[in-house]
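None of these values were measured; they are calculated from a predicted model. Residue numbers begin at 1 in each chain, while the letters A, B, ... track the order of the sequences.
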Amino acid sequence: MNEILKANLLSPIALAFALGIVTKLIRSEFSLPKDIYTGLSVYLLFALGIKGGVELGHAQFASVIWPVGATLLLGCITPLTAYGTLRYLGRFSVADAAGIAAHYGSVSAVTYIAATTFVKGMGAEPEGFMPTLLTLLESPGIHIALALGAIKTASADRDIKHVLHEVLTARTMVLLVGGLLIGFLMGEKNWGSIEGFFDSKGPIFKGVLTVFLLEMGIVAGSRLGDLKKVGPFLLAFGMLMPLVHGALGAWLGTLAGLSVGGATVLGTMAASASYIAAPPAVRVTLPDANPTYYLTSSLAITFPFNILVGIPVYFQVAQWLHA
Amino acid sequence: MNEILKANLLSPIALAFALGIVTKLIRSEFSLPKDIYTGLSVYLLFALGIKGGVELGHAQFASVIWPVGATLLLGCITPLTAYGTLRYLGRFSVADAAGIAAHYGSVSAVTYIAATTFVKGMGAEPEGFMPTLLTLLESPGIHIALALGAIKTASADRDIKHVLHEVLTARTMVLLVGGLLIGFLMGEKNWGSIEGFFDSKGPIFKGVLTVFLLEMGIVAGSRLGDLKKVGPFLLAFGMLMPLVHGALGAWLGTLAGLSVGGATVLGTMAASASYIAAPPAVRVTLPDANPTYYLTSSLAITFPFNILVGIPVYFQVAQWLHA
Amino acid sequence: MNEILKANLLSPIALAFALGIVTKLIRSEFSLPKDIYTGLSVYLLFALGIKGGVELGHAQFASVIWPVGATLLLGCITPLTAYGTLRYLGRFSVADAAGIAAHYGSVSAVTYIAATTFVKGMGAEPEGFMPTLLTLLESPGIHIALALGAIKTASADRDIKHVLHEVLTARTMVLLVGGLLIGFLMGEKNWGSIEGFFDSKGPIFKGVLTVFLLEMGIVAGSRLGDLKKVGPFLLAFGMLMPLVHGALGAWLGTLAGLSVGGATVLGTMAASASYIAAPPAVRVTLPDANPTYYLTSSLAITFPFNILVGIPVYFQVAQWLHA
Amino acid sequence: METVPLKLVTIVAEPVLEERLTGELRRLGARGWTVTESRGEGSRGIRASDIPGSGVRIETVVSATVADAILGHVARQYFPRYAVIAYVTTVDVVRGDKYV
Amino acid sequence: METVPLKLVTIVAEPVLEERLTGELRRLGARGWTVTESRGEGSRGIRASDIPGSGVRIETVVSATVADAILGHVARQYFPRYAVIAYVTTVDVVRGDKYV
Amino acid sequence: METVPLKLVTIVAEPVLEERLTGELRRLGARGWTVTESRGEGSRGIRASDIPGSGVRIETVVSATVADAILGHVARQYFPRYAVIAYVTTVDVVRGDKYV
Ligand SMILES: Nc1ncnc2c1ncn2[C@@H]1O[C@H](COP(=O)(O)O)[C@@H](O)[C@H]1O
Ligand SMILES: Nc1ncnc2c1ncn2[C@@H]1O[C@H](COP(=O)(O)O)[C@@H](O)[C@H]1O
Ligand SMILES: Nc1ncnc2c1ncn2[C@@H]1O[C@H](COP(=O)(O)O)[C@@H](O)[C@H]1O
Ligand code: NA
Ligand code: NA
Ligand code: NA
């Protein structure tokens with residue numbers, strides 16, 4: 001375990017992320033321009049999708065169907081476990097509980113990528129169709145949590161349809177789903193001509209990912225100051241909830257027949273919290289939910305926790321389950 | 001023919017372009033940040049120029065002179081054919097006819113790049129000096145059309161000199177001509193040290209091109225709504241005019257001694273319509289020309305038509321002419 | 001000598017820089033978007049730091065200590081020589097002299113990179129720990145010159161602490177120092193996985209550097225108009241001061257046991273003038289210093305001089321000193 | 001140069017509200033608007049900057065009655081729960097009749 | 001703090017017109033201007049956004065007479081055929097004498 | 001819609017001054033501000049554009065007395081040696097009491 005943890009902490013992406021946090025701690029004003037940040041994320045997501053599409057071509061239906069089921073199940077369970085914990089144990093308002101749950105019911109693509117890179121480094125190649133699962137886990141959780149909040153509060157002052165459409169057509173979805181289709185359609189020969197650029201095992205992808213995590217560290221670091229404001233419960237929630245969801249995901253993944261690598265990645269997806277698709281959706285649907293709560297917990301607590309500690313743990317768990 | 005068409009439609013760039021259009025059709029708000037879009041185009045144009053300059057070093061004068069003549073001839077003919085068709089067949093106002101003609105008299109660098117990538121994929125390597133021809137075809141058409149419009153309308157309320165200067169010193173020209181010089185001067189050894197980054201046959205160039213065409217698809221897609229506004233004539237014009245210009249270009253290119261690949265690319269240049277250099281020039285010189293007309297026809301009709309259908313057709317034509 | 005000069009002038013980065021200047025001379029409006037410019041510089045600095053960190057792992061303390069001393073010494077001497085020359089020979093006001101001295105006492109990372117690329121091309125591999133020296137030379141000069149100016153003028157209307165903090169936590173420092181740590185910690189195996197992206201000898205790094213210098217040329221070119229305003233003294237200063245500092249740096253570097261490559265790079269650092277960290281620091285600390293003076297001399301005179309002529313000269317000097 | 005005195009309404013709000021607000025402006029009678037990106041701080045400062053992009057500054061030239069309707073709408077709909085500021089001033093507009 | 005009452009002229013126009021407009025402002029007597037990028041919609045809304053970049057918002061502090069000249073020029077030169085809006089208001093300017 | 005008449009102070013300055021200015025606005029009594037990026041020219045035009053980024057346009061809605069204090073401060077502290085322009089106008093603010 002210690003070996004694995006150490007290996008992870010000394011990986012370029014973990015170190016870059018740590019550097020980003022330090023950058024904020026020393027009160028530096030440095031950060032990546034917003035457009036560059038967007039550009040890099042477009043590259044990462046698109047590469048992910050295309051590669052996934054190419055490999056999806058090799059997968060047979062039978063092997064995909066169960067993991068798909070497990071993923072959708074996670075999409076329905078995680079927002080509810082999160083909501084229940086926050087509302088009844090944490091005594092959060094309906095709006096706050098639903099708002100935060102929407103984040104934990106969805107997924108962080110960057111955390112997913114970090115997990116994929118990690119397990120590959122550990123020699124546990126995940127199934128090729130994992131990106132497909134990522135796209136499936138993105139939105140259900142947000143929808144369920146928002147619906148929950150909208151029903152329980154009169155305050156959902158905007159037709160939720162519009163919001164769901166925005167989530168479904170957001171950057172992440174377009175690039176992942178679109179990339180999957182492109183990769184699936186173009187075939188091996190074409191893939192060969194662009195593999196050197198998009199391959200998620202190649203140096204360009206890993207290099208861009210490193211730079212991207214530097215910025216993620218800065219973003220997360222700029223929220224550390226809010227940790228005081230969110231109180232001890234949310235602090236604990238931000239680390240324990242991922243462990244629960246991560247173990248659950250790894251377990252369901254294993255049951256569904258995923259390899260150690262695949263189960264680890266699915267676990268990480270379940271454990272991760274969205275901080276791109278969820279925030280604006282929650283902001284407009286549940287204006288009474290305090291953004292400081294959901295942004296700090298997903299960005300400043302759960303994201304770093306997963307990147308630095310969680311992923312190796314879920315990997316360990318997946319190994320036990322497969323033993 | 002079908003084989004070729006299919007091969008083209010399943011190429012990463014065609015698929016990425018299609019994805020971009022779909023992105024708009026599902027009313028997604030996703031698009032590449034403007035600065036990233038600019039950055040990618042700078043890379044593509046600069047790489048094109050440098051590579052062209054390196055290969056220009058190998059070409060001997062004799063082989064270049066005729067193609068140059070053919071290109072300049074196309075630069076003078078295409079704006080006139082376009083103007084005549086629009087003014088007398090289409091009954092467009094002088095300003096509108098001249099404004100649109102300025103676009104079809106010039107060239108779309110991205111379409112050029114797509115054509116080059118396509119013929120290379122087909123094993124028909126185009127001449128190394130093609131980028132030189134691209135730079136020659138960029139501005140004459142715009143100048144001629146604008147002059148035409150300025151003369152025939154009193155409304156050219158700005159000294160045309162200034163506008164022409166802007167066209168001649170625009171991004172495309174600086175990067176292509178400048179790149180040509182750099183590539184020409186630095187020599188093989190230096191080229192070797194940066195080839196891995198700038199080579200237009202390499203994965204980085206093709207990968208960037210794929211991302212760029214995704215955005216082009218989004219831009220084109222955002223204009224589809226205007227198709228209704230432009231009427232059936234312009235719709236037909238946007239597809240038939242390229243076929244005429246494309247065949248003409250391929251024919252003149254063949255006469256000038258270009259290979260199948262070279263003739264295809266020259267044909268594509270003639271068939272393409274500018275949507276970067278031309279619009280602002282037309283806007284300030286011919287304010288009475290309706291932007292919806294020239295932007296929609298060049299971006300939403302002719303560009304997709306060439307990328308998806310035109311290029312393979314011009315290739316086919318070039319093959320016939322060489323048979 | 002001529003051979004070396006020619007080789008340098010025909011290098012992609014020198015040619016790209018020249019193209020940038022020409023771009024301005026023909027009054028083109030083209031320039032790289034500010035965010036792209038920032039993104040590229042982040043990549044270059046980060047790559048530099050990481051690579052430096054990896055190689056720092058191989059260096060033994062003894063070999064580093066003397067060069068470090070030489071660097072710090074240069075950091076203290078150069079701002080004073082610059083200040084003295086400007087104040088007493090050039091008769092500049094205290095504010096102006098101190099403001100300009102702050103720029104020449106610090107270092108231009110791009111010039112450093114150009115020097116590194118140049119000597120490597122010449123087969124004179126510099127020591128792996130050079131990036132470490134770069135970070136050491138960045139701030140002392142600025143601090144000393146500003147302190148000088150602040151003491152000698154009542155006008156330092158801002159607590160200098162704050163300014164120094166900004167310099168110490170600026171982009172360049174974060175990326176270089178942070179990169180060094182990351183490279184140092186992650187070890188060979190991890191480096192192998194991202195070397196293809198970050199390696200400063202690879203095509204990506206050199207390609208990005210070429211594009212970056214194109215923009216630098218545009219920035220410098222846009223200041224050429226101010227050359228008239230700064231007068232003959234500053235014009236001469238901008239070329240002679242670097243020669244003095246460059247020779248001094250190469251000499252101290254040689255004494256400290258650096259190789260020809262290392263001494264050349266250290267000389268170039270000493271000869272270069274900062275135009276990123278220094279300007280804002282000077283602007284807020286010494287508002288009476290005329291920005292036209294310090295920006296024009298560092299950007300439009302010294303930077304081009306070093307890129308086109310200086311570096312080969314310092315290399316020559318270093319060779320003599322080692323002969 | 002004869003001009004028409006009209007109201008210039010300025011609203012600074014969270015970016016997530018832009019699309020919604022401009023749509024509502026139209027419905028309330030505005031003939032157009034100009035948006036500029038902004039950042040800022042206020043009483044709930046943190047809020048505004050919570051959602052990346054921090055702020056949009058929407059200006060619209062309208063008649064006095066439309067201005068009143070817009071301000072009222074903003075006050076009711078957004079003030080209680082969003083980071084918003086809204087104010088109005090009088091401007092003399094060229095071809096002002098176009099905007100009423 | 002004593003200030004000078006002057007006119008603040010605001011012009012929102014298509015980006016292609018920026019260079020031209022600022023040049024003309026100088027000629028008409030403006031001592032300076034501030035430009036911010038903008039986007040927007042109007043009666044000819046589509047036009048403005050047709051050319052990428054969509055809009056520039058130009059502000060200039062000038063004397064009443066210069067303001068009048070500028071508005072007149074914009075009305076004659078650009079209103080008929082470009083996407084433009086222009087309005088003026090009175091502001092109290094620090095060291096206002098500098099701008100007249 | 002009842003509103004409160006307040007002062008809208010606009011300051012256009014060099015970017016290097018932003019952090020400093022906003023801090024001082026707070027100290028002088030402003031409850032918030034809105035910043036937009038800008039570029040421009042003026043008497044010392046070249047200066048403003050010397051430091052990349054060229055300009056920031058800071059707006060703050062404050063009471064008359066605070067406005068006066070701010071303008072005075074800017075005039076003393078920055079006018080002599082920085083590229084700055086500052087002016088004030090009256091605006092009717094929704095829930096204006098919030099900002100005084
Ligand atoms: N007094 C003020 N002057 C100018 N802008 C303000 C002021 N107060 C708030 N704002 C703007 O309105 C946004 C929301 O403010 P608030 O709702 O007070 O947090 C802030 O981000 C600022 O951009
Ligand atoms: N009523 C309005 N209020 C504020 N800005 C407007 C208004 N009408 C038009 N504009 C701006 O002026 C530009 C051109 O408007 P138009 O000429 O009406 O298409 C638009 O893109 C807007 O930025
Ligand atoms: N008359 C003016 N109207 C509007 N903005 C101005 C004016 N004069 C100067 N400015 C702005 O204030 C900045 C500094 O002006 P100055 O201090 O005169 O160089 C310029 O960059 C402009 O953005
Ligand atoms: Na989750
Ligand atoms: Na053409
Ligand atoms: Na130096």
Side-chain angles (χ1 to χ4, degrees), chain A residues 6-44 47 117-118 120-123 195-215 217-218 221, chain C residues 32-47 49-51 53-54 57 161-163 165-200 202-205 207-208 276-277 280:
Chain A
K6 183 148 166 297
N8 184 55
L9 289 176
L10 292 183
S11 70
I13 64 180
L15 289 170
F17 181 74
L19 173 59
I21 290 180
V22 173
T23 304
K24 270 302 166 196
L25 292 182
I26 61 172
R27 303 200 321 290
S28 164
E29 279 167 17
F30 166 66
S31 87
L32 232 55
K34 191 166 154 298
D35 288 353
I36 297 294
Y37 171 89
T38 307
L40 296 183
S41 69
V42 166
Y43 164 78
L44 292 171
T117 311
F118 174 81
K120 281 178 179 171
M122 287 289 145
E195 182 171 11
F197 184 71
F198 286 117
D199 183 11
S200 52
K201 278 167 123 169
I204 296 180
F205 186 91
K206 285 182 177 163
V208 170
L209 184 58
T210 307
V211 176
F212 191 79
L213 268 119
L214 169 61
E215 177 62 16
I218 293 172
Chain C
L32 232 54
K34 191 164 152 299
D35 289 353
I36 297 294
Y37 171 90
T38 307
L40 296 182
S41 69
V42 166
Y43 164 78
L44 293 171
L45 293 165
F46 202 36
I50 295 178
K51 181 76 180 292
V54 172
K161 266 226 200 63
H162 185 98
V163 173
H165 172 263
E166 273 182 6
V167 171
L168 279 171
T169 62
R171 190 166 72 213
T172 321
M173 294 303 274
V174 168
L175 291 165
L176 282 176
V177 178
L180 280 167
L181 288 171
I182 292 180
F184 186 80
L185 291 171
M186 74 184 171
E188 283 298 339
K189 184 172 153 305
N190 280 315
W191 168 243
S193 71
I194 53 174
E195 182 170 10
F197 184 70
F198 286 118
D199 182 11
S200 52
I204 296 180
F205 187 90
V208 170
I276 291 178

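Using a 4.5 Å cut-off between heavy atoms, A:V22 does not touch chain C at all. Contacts of A:I26 with chain C are made by both backbone and side-chain atoms, with heavy-atom separations under 4.5 Å. In this structure, chain C has heavy atoms under 4.5 Å from both the backbone and the side chain of A:A16. Interface remark: C:V42 contributes side-chain atoms only to the contact with chain A (heavy atom separation under 4.5 Å). Heavy atoms of A:I204 lying under 4.5 Å from chain C belong to its backbone as well as its side chain. Heavy atoms closer than 4.5 Å to chain C are found in the side chain of A:L214, but not in its backbone. Contact annotation for A:I36: only side-chain heavy atoms (C-beta onward) come within less than 4.5 Å of a heavy atom of chain C.
The structure places CD1 of C:I182 at 10.0 Å from OG of A:S11, a figure rounded to the nearest 0.5 Å. The CG atom of A:L32 sits 9.5 Å away from atom CZ of C:R171, with the distance rounded to the nearest 0.5 Å. For the atom pair CG of A:L15 and CG of C:L181, the computed distance is 9.0 Å after rounding to the nearest 0.5 Å. Note: C:K34 NZ to A:D35 CG = 10.5 Å, rounded to the nearest 0.5 Å.
C:T169 places no side-chain N or O within donor-acceptor distance of the main-chain N or O of A:S28, the cut-off being under 3.5 Å.
Residues A:R27 and C:H165 share a closest heavy-atom pair of O-CE1, 3.3 Å.
Contacts between residues 190-199 of chain C and chain A, counted as heavy-atom pairs separated by less than 4.5 Å, involve C:N190, C:S193, C:I194, C:G196, C:F197, C:F198.
Shown here are the ring-ring contact (aromatic ring centres under 6.0 Å, His included) partners of C:Y37, two or more places apart in sequence or in another chain: C:F212.
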